[in-house]
Asker: 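What follows is a single structure, and I will ask about it in a moment.
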Amino acid sequence: MKKFSGSFAVTALVAAMSVSGLSQANVTDKDILDDQKTVEDVVSNGMGPRGQRYSPLDMINTATVKDMRPVWSFSFGGEKQRGQESQPMVKDGVMYVTASYSRVFAVDTKTGDELWEYNARLPDGIMPCCDVINRGVALYEDLVIFGTLDAKIVALDAKTGKVKWKKTVADYKEGYSITAAPMVVDGKLITGVSGGEFGIVGKVEAYDAKTGKILWTRPTVEGHMGYIWKDGKKVENGISGGQPGQTWPGDLWKSGGAATWLGGTYDPDTNSLFIGTGNPAPWNSHMRPGDNLFSSSRLAIDPDTGKIKWHFQTTPHDGWDYDGVNELISFDYQEGGKTVKAAATADRNGFMYVLNRTNGDFIRGFPFVDEITWAKGLDKKGRPIYNDTFRPGNPSAGEDGNKGSVVRAVPAFLGGKNWMPMAYSQQTELFYVPSNEWAMDIWNEPTAYKKGAAYLGAGFTIKPTNEEHIGVLRAMDPKTGKEVWRYKNYSPLWGGALTTAGNLVFIGTPEGYLKGFDAKTGELKYEFNTGSGIVGSPITWKQDGEQFISVVSGWGGAVPLWGGEVAKRVKHLNQGGSVWTFKLPKS
Ligand code: CA
Ligand code: CA
């Protein structure tokens with residue numbers, strides 16, 4: 001009798017272990033590298049480390065998508081309904097998703113039931129520039145890792161949501177914060193920092209993903225030293241391209257901005273992290289003659305050492321807050337019988353760039369918005385040909401020395417495209433670019449750096465360029481620079497794109513709709529209103545033989561805060577905070 005009950009206990013224990021195994025992410029480096037083709041999970045930001053946001057799934061396609069319907073919606077709850085810019089992750093029946101105010105939720109993918117919630121206790125003095133958003137987690141082994149508004153990295157137990165390790169990346173009192181999803185490359189947790197409007201110094205750092213131990217740090221303003229930690233010792237790892245002051249006057253490099261606020265992508269072919277940098281600080285460009293490296297650039301960084309392999313500066317001597325952070329997506333194409341190892345990015349400044357990802361050489365560039373005033377075009381090396389009429393004037397040249405001449409610059413500083421990631425279809429070989437048509441009146445003012453204070457030296461008002469629309473989803477051909485189709489949206493687009501082998505492109509709108517388009521023609525095939533504006537990025541995955549699509553809903557982000565006349569135009573939009581999950585009916 002005793003023996004029997006003993007064996008029963010063992011059986012029960014085994015059953016309990018397999019149940020708990022369900023909610024235990026066990027994500028390996030290989031899982032992350034293979035993420036794009038392994039359709040039953042989503043374990044990287046960008047649906048694969050290259051950030052293509054392309055899925056080979058095709059059950060939901062142009063013929064079937066009309067029948068797609070929601071299966072559950074999960075509320076983030078509370079009073080913290082601000083912008084929701086997260087991309088969910090999915091592993092072994094659990095969704096890991098972040099929400100405003102540095103929260104993380106684990107949700108059962110079958111039912112939408114909450115498994116746990118982590119709520120970061122934030123200090124009063126946080127200084128996020130552009131809403132209290134978060135863009136998602138990284139998964140590694142049994143950890144769920146994310147960045148907080150007080151500039152910490154927190155690793156949680158995937159099963160319980162309890163803190164396993166926590167590191168301070170930078171001092172929030174100086175204006176630093178973290179909103180990007182971190183990424184894991186070869187066991188290293190890679191993060192950037194936000195704060196370019198406060199005169200911080202941008203940097204990229206790598207931590208041991210399992211323990212949180214720092215491995216290297218790479219500042220992104222020329223003149224600042226990078227370091228690597230070897231056997232517990234801090235060793236210099238090279239200045240990477242210049243002495244202090246080469247492309248900066250005086251001491252301005254010491255508070256030079258170049259925030260790495262959007263994280264990046266990883267290309268296994270060249271073993272490179274591709275990370276963008278924000279505006280040079282302050283915005284008033286007359287205070288800092290020179291190119292101001294490495295601001296408004298894309299950097300290729302060695303993930304093992306933090307060394308900058310190459311840089312491509314989209315807006316040298318930026319005077320318009322054209323942050324160069326937008327994602328650089330690796331892709332290959334055939335030309336003249338050869339495979340070109342390329343990477344593309346659509347910049348805030350209105351130009352889209354195709355680069356050689358092995359060395360950063362410029363292949364081609366072209367406008368992806370209808371109007372650009374600040375530059376007449378790009379030269380052979382991809383450097384802008386400035387139109388000096390549209391650089392905001394020098395305040396010290398003005399009558400009272402307090403305000404320079406006002407110019408109408410296009411695109412507005414919120415960009416021809418902002419953070420919202422584009423997608424690349426391996427099927428159509430097109431990029432799907434969420435873009436906006438808007439202008440700004442901008443002028444410069446004198447300013448001085450003060451720790452923890454806004455450091456702009458500029459004033460501005462963003463304005464729509466027409467009555468009908470601001471947002472435009474564009475299908476762009478990277479080989480020709482031609483726009484293949486466009487879809488116009490009344491409000492500015494602020495959420496990411498997803499494309500699938502079902503010949504579909506999905507995007508959310510501030511009006512609340514998840515919309516699906518024919519990837520070849522741009523024909524609208526699907527729409528569903530989620531009840532609040534969508535400014536997050538959809539994902540898709542397969543479970544129990546069915547294809548699912550999920551997207552976070554919750555209006556907010558930079559537009560209502562910084563959008564000037566555009567903010568007035570969209571002030572009727574309601575806040576929210578939820579994840580929606582869709583699939584086809586079973587029959
Ligand atoms: Ca996967
Ligand atoms: Ca900026």
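In what follows, residues are counted from 1 in the order of the sequence shown. Whatever order the structure lists them in is the order used to number ligands and atoms, beginning at 1.
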Asker: Under 3.0 Å from the Ca ion (ligand 1), protein N/O/S atom count?
Answerer: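 Number of qualifying protein atoms: 6.
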Asker: So, using side-chain hydrogen bond (donor to acceptor under 3.5 Å, both in side chains) as the criterion, who are the partners of Glu546 when residues are at least two apart?
Answerer: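 Counting only residues at least two positions away or on another chain, Glu546 forms a side-chain hydrogen bond (donor to acceptor under 3.5 Å, both in side chains) with Lys583.
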Asker: Distance only, no hydrogens: is a donor on one side chain within 3.5 Å (strictly under) of an acceptor on the other, for Thr540 and Ser55?
Answerer: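 Judged by distance alone, the side chains do not pair up.
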Asker: Taking the six-membered ring for Trp, are Phe548 and Trp541 closer than 6.0 Å centroid to centroid?
Answerer: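 Yes, ring centres under 6.0 Å apart.
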Asker: With sequence neighbours excluded, tell me which residues meet ring-ring contact (aromatic ring centres under 6.0 Å, His included) with Tyr432.
Answerer: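 Once residues adjacent in sequence are excluded, the partners of Tyr432 under the ring-ring contact (aromatic ring centres under 6.0 Å, His included) criterion are Trp485.
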Asker: Show your reasoning for whether ring-ring contact (aromatic ring centres under 6.0 Å, His included) applies to Phe460 and Trp283.
Answerer: CA-CA 11 Å; Phe460 44 81; Trp283 287 18; 5.3 Å; yes
Asker: Testing the basics here: between Glu565 and Pro464, what is the closest heavy-atom pair and its distance to 0.1 Å?
Answerer: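 Shortest heavy-atom contact: CB-CD, 4.2 Å.
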Asker: With ring centroids as reference points, do Tyr449 and Tyr455 lie under 6.0 angstrom apart?
Answerer: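 Ring centres of Tyr455 and Tyr449 closer than 6.0 Å.
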Asker: Strictly distance-based, threshold 3.5 Å: is any side-chain N or O of Gln36 a donor or acceptor partner for the main-chain N or O of Tyr54?
Answerer: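 Checked: pair present.
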Asker: Near the Ca ion (ligand 2), which protein N/O/S atoms fall under 3.0 Å?
Answerer: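 Under 3.0 Å from the Ca ion (ligand 2) - ignoring waters, which are not counted - the protein N, O or S atoms are Glu197 OE2, Asn279 OD1, Asp321 OD1, Asp323 OD1, Asp323 OD2.
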Asker: Do the numbers put Arg348 on top of the ring of Phe413, so that NZ or CZ is under 6.0 Å from the six-membered ring centre and no more than 45° off the axis?
Answerer: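 Not satisfied by the 6.0 Å and 45° rule.
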